[in-house]
2 protein chains.
Amino acid sequence: MATMQRMQAKGLELFYSKGYYNTSVDDVLKELSMSKGAFYYHFDSKEDFFIQIVQNLLARKVYSTLIEPIEGHENPIWNITKCFEDVLESAVNNEMDFGCLLSNFLSEFNGRNETIMKHLNDILSIWEVNLVYALQKGKSNDHLDRHVDCEAVATYLMSAYFGVRTLMAGASPSARKYRFMGQLKQYFRLIEAKNVTV
Amino acid sequence: MATMQRMQAKGLELFYSKGYYNTSVDDVLKELSMSKGAFYYHFDSKEDFFIQIVQNLLARKVYSTLIEPIEGHENPIWNITKCFEDVLESAVNNEMDFGCLLSNFLSEFNGRNETIMKHLNDILSIWEVNLVYALQKGKSNDHLDRHVDCEAVATYLMSAYFGVRTLMAGASPSARKYRFMGQLKQYFRLIEAKNVTV
DNA sequence: ATAGTTACCGACCGAGTCGTCGGTTTAAGT
DNA sequence: ACTTAAACCGACGACTCGGTCGGTAACTAT
């Protein structure tokens with residue numbers, strides 16, 4: 001049991017830094033000083049290994065970093081702002097960012113592995129559903145303008161988040177985070193209660 | 001000459017659909033019915049091949065689809081809206097989207113190949129510079145509110161674009177494009193002249 | 001004691017990878 | 001007709017990859 005978890009944790013770490021196709025099973029094993037036999041005792045294949053990681057580690061971490069923080073009955077705009085701020089700050093500090101992982105893996109597997117894409121899309125849609133739900137609750141609590149299209153806002157927020165992570169990977173992450181958050185806050189003023197939107 | 005260009009065009013096509021690390025030189029050669037000899041006569045290595053493609057094809061296409069359309073003295077907001085609309089529409093129709101390519105490659109090479117990352121970042125920063133310039137010109141032409149932070153808007157727009165492309169790759173691209181563009185237009189109302197922003 | 005199960009080892013296989021190299025064709029120059 | 005060089009061929013080497021398999025040590029049940 002502990003072995004499986006060690007393998008998964010290290011696997012996620014390497015897949016995160018080098019990508020799935022660019023990380024070999026031997027790479028993972030070498031870092032753990034373990035053998036091929038141990039690996040194939042616990043997992044059917046490299047793909048199975050990855051899917052286990054997605055379900056056990058990625059899904060839970062996306063939940064705890066991107067979904068849980070925006071639950072509750074407070075103003076969803078404030079919650080989402082705080083959530084993005086936190087997660088981007090940890091990204092600046094080179095900590096593992098599970099939302100970014102999701103976005104990277106979506107790019108890497110898109111059109112290349114249907115099975116894995118399905119699992120990733122499941123996580124994506126859970127995030128989406130929860131965002132929409134949080135926004136709708138915000139509407140009924142009079143935090144959001146009642147003309148707001150919650151699905152559209154959710155799509156827009158997910159886009160913006162994925163995009164800024166790609167961009168931050170390129171150069172000057174700190175400056176880009178700052179600029180991005182500034183504009184996001186501007187955007188949020190639009191959908192706040194008391195503003196009229198279409 | 002013609003041979004090199006055929007190779008590069010096919011190379012871009014395959015790297016786009018399968019990724020760089022997941023496409024072998026033999027894959028490209030097989031589709032062209034050409035030999036290893038021909039390949040290594042024209043290019044030093046697979047990496048050299050890719051860099052040539054980036055400089056010759058990707059850079060030019062990014063220019064013609066994302067930069068040229070927003071040049072000129074008209075309202076940059078209108079230009080950018082139209083530009084994004086067009087390029088996302090072609091993405092919906094499964095045509096090759098060079099902005100998306102840029103974003104995919106940024107993910108794929110991030111932390112894995114410094115040399116290639118440098119070339120990609122060059123293209124990225126050309127796009128950024130031109131966006132900022134177009135926005136600044138819009139400010140002096142009174143299309144944009146004069147309090148707008150052009151760098152921040154550019155960062156935000158690039159983020160949003162990259163993100164929505166990642167998201168559209170997942171599922172229901174058409175619906176997501178529609179929702180995204182709707183919110184983008186809302187955002188643009190904020191930075192138009194006559195609105196006050198911070 | 002013995003038999004069975006769990007967890008693990010690591011040599012090995014075949015397929016595929018990038019890149020090399022000796023050789024061939026084609027076309028132009030003299 | 002002869003030389004030369006550009007363009008191209010494809011077998012091959014060196015290596016990496018995911019995955020297999022026969023073996024083994026430790027523990028448990030009987």
Side-chain angles (χ1 to χ4, degrees), chain A residues 1-57 104-105 108-109 111-120, chain B residues 1-56 104-105 108-109 111-117 119-120:
Chain A
M1 273 307 106
T3 304
M4 274 183 75
Q5 275 164 6
R6 276 181 65 220
M7 284 179 171
Q8 290 184 21
K10 182 60 75 178
L12 182 64
E13 190 186 317
L14 292 185
F15 289 142
Y16 174 63
S17 59
K18 310 202 306 170
Y20 175 81
Y21 290 113
N22 216 22
T23 302
S24 68
V25 174
D26 286 337
D27 288 341
V28 180
L29 262 18
K30 195 183 290 173
E31 293 232 358
L32 292 167
S33 303
M34 301 191 79
S35 70
K36 272 277 174 72
F39 183 86
Y40 283 95
Y41 175 75
H42 290 290
F43 305 99
D44 292 341
S45 64
K46 187 186 179 187
E47 183 177 308
D48 173 54
F49 178 52
F50 185 77
I51 292 172
Q52 302 272 340
I53 290 177
V54 167
Q55 289 179 331
N56 292 327
L57 298 179
N104 284 355
F105 288 147
E108 185 166 10
F109 292 110
R112 278 145 231 167
N113 187 316
E114 274 307 312
T115 314
I116 292 181
M117 273 306 273
K118 207 201 146 300
H119 289 278
L120 296 174
Chain B
M1 273 306 109
T3 303
M4 275 183 74
Q5 274 164 5
R6 275 181 64 223
M7 283 179 170
Q8 290 184 22
K10 181 60 75 178
L12 183 64
E13 191 187 318
L14 292 185
F15 289 142
Y16 174 63
S17 58
K18 310 203 306 170
Y20 175 81
Y21 290 112
N22 216 19
T23 302
S24 69
V25 174
D26 285 338
D27 288 341
V28 180
L29 263 16
K30 193 183 291 175
E31 291 233 357
L32 292 167
S33 303
M34 300 190 77
S35 70
K36 270 282 174 65
F39 183 86
Y40 283 95
Y41 175 77
H42 290 291
F43 305 99
D44 292 340
S45 63
K46 187 186 178 186
E47 181 176 310
D48 173 55
F49 179 50
F50 185 77
I51 291 172
Q52 302 272 339
I53 289 176
V54 167
Q55 289 179 331
N56 292 327
N104 284 355
F105 288 146
E108 186 166 9
F109 293 110
R112 279 146 230 165
N113 187 314
E114 273 308 310
T115 315
I116 292 182
M117 273 306 273
H119 289 278
L120 295 174

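In what follows, chains are A, B, ... by sequence order, proteins preceding strands, each numbered from 1.
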request  = Kindly say whether B:Thr23 contributes a backbone atom to a donor-acceptor pair with the side chain of B:Lys46 at under 3.5 angstrom?
outcome  = yes
task = Can you tell me the distance, in whole Å, between the CG atom of B:Asp48 and the P atom of C:dT20?
result = 12 Å
message = Does D:dC8 have its OP1 or OP2 closer than 4.0 Å to a side-chain nitrogen or oxygen of B:Thr3?
response = yes
task = Starting from C1' on C:dA7, measure out to CD on A:Gln5 and report it in whole angstrom.
result = 16 Å
key: Backbone N/O of A:Tyr21 and side chain of A:Glu108: donor-acceptor pair under 3.5 Å   = yes
key: Atom-pair distance (CZ on B:Phe43; P on C:dG19), nearest Å   = 13 Å
request  = Find the distance A:Tyr21:OH to C:dG16:P and express it as a whole number of Å.
outcome  = 15 Å
query = Does a donor on one side chain and an acceptor on the other come within less than 3.5 Å for A:Asp27 and A:Ser24?
reply = yes
ask   = Hey, what do you get for CD1 (A:Ile51) to CZ (A:Phe43), rounding to the nearest 0.5 Å?
value = 12.0 Å
message = So, OP1 or OP2 of C:dT6: does either fall under 4.0 Å of a side-chain N or O from A:His42?
response = no
task = Check the distance between C:dC18's P and B:Lys30's NZ and give it to me in whole angstrom.
result = 12 Å
ask   = Which class fits the ring pair B:Phe50 and B:Phe109: parallel under 30°, tilted 30 to 60°, perpendicular over 60°?
value = tilted
Distance, rounded to the nearest Å, where B:Asp26 contributes CG and C:dA15 contributes P = 16 Å
ask   = A:Lys46 or B:Tyr41: which one's nearest nucleotide on DNA chain D is closer to the 5' end?
value = B:Tyr41
request  = Please report, rounded to the nearest Å, how far the P atom of C:dC18 is from the OH atom of B:Tyr20.
outcome  = 8 Å
Atom-pair distance (CD on B:Glu47; C1' on C:dT17), nearest Å = 16 Å
ask   = Are OP1 or OP2 of C:dG10 and a side-chain N or O of A:Ser35 less than 4.0 angstrom apart?
value = no
request  = Name the closest nucleotide to the B:Lys36 side chain, picking from D:dC8, C:dG19, C:dC9.
outcome  = C:dG19
ask   = What nucleotide, of C:dC18, D:dC8, D:dT20, holds the atom closest to the side chain of B:Tyr40?
value = C:dC18
